[in-house]
Amino acid sequence: MYVVSYDISSDRLRNKVARTLEGYGTRIQYSVFECKLSEKKYRELYGKLMKLMEGAEEGNIRLYSVCGNCEGKIRTIGEPDLKTEQLAEEVIVV
């Protein structure tokens, strides 16, 4: 699994990045996605994001790899979104 976050000030570019990520994962916060991807799909997504960022003067996209063992340790505190509830093995509501 990969966690992908972005910080992009250009509305046009930010919307393109978000639309691209929607095809690969689940939005868990405004600019954060969880993507369960094969290595092939990861390379495909990475290439698309690299192409979108070509020539961008500011902003960034960060991709974090979460190993299978670590994925099982993901915890949510608070009210989970119904789409992401299935992603967390344990949800703690405070």
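No hydrogens, no waters, no symmetry mates; every other heavy atom, side chains included, goes into these values.
For Tyr46, the OH atom sits in a loose shell: 12 or fewer heavy atoms of surrounding residues, nucleotides or ligands are nearer than 6.0 Å. Heavy-atom neighbours of Gln29 CD from other residues, nucleotides or ligands within 6.0 Å: at or below the threshold of 12.
Separation of atoms CE (Met1) and CD (Glu34) is listed at 4.5 Å; rounding is to 0.5 Å. Taking CG of Leu21 as the reference point, atom CG of Leu63 lies at 8.0 Å (rounded to 0.5 Å).
For Asn60 against Ile8, the heavy-atom pair with the smallest separation is O-CG1, 4.0 Å. Nearest approach of Gly25 to Cys35, heavy atoms of both residues: CA-SG, 3.8 Å. Nearest heavy atom pair, residue Ala18 against residue Phe33, reads O-CZ, 3.9 Å. When every heavy atom of Leu52 is checked against every heavy atom of Leu13, the shortest pair comes out as O-CD1, 3.4 Å.
Sequence neighbours left out, not one pair with a member in residues 3-31 passes ring-ring contact (aromatic ring centres under 6.0 Å, His included). Residue pairs meeting the salt bridge (charged side-chain N to carboxylate O under 4.0 Å, His left out) criterion with at least one member in residues 51-68, sequence neighbours excluded, do not occur. The side chain to side chain donor-acceptor pair (under 3.5 Å) analysis of residues 12-21, with sequence neighbours excluded, yields the pairs Asp11-Arg14.
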Take Glu71 and Lys36, measure what side-chain contact (heavy atoms from CB on, under 4.5 Å) needs, and give me the verdict at the end. CA-CA 10 Å; Glu71 186 178 346; Lys36 292 190 177 193; 3.0 Å; yes
Hey, mind stepping through Val3 and Val66 against side-chain contact (heavy atoms from CB on, under 4.5 Å) and telling me if it holds? CA-CA 7 Å; Val3 175; Val66 179; 3.9 Å; yes
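Lys73 is linked by a side-chain contact (heavy atoms from CB on, under 4.5 Å) to nothing, counting only residues two or more places apart in sequence or in another chain.
If you look at Tyr2 and Tyr42, their ring centroids are closer than 6.0 Å.
Counting heavy atoms from C-beta on, the side chains of Val4 and Val32 never come closer than 4.5 Å.
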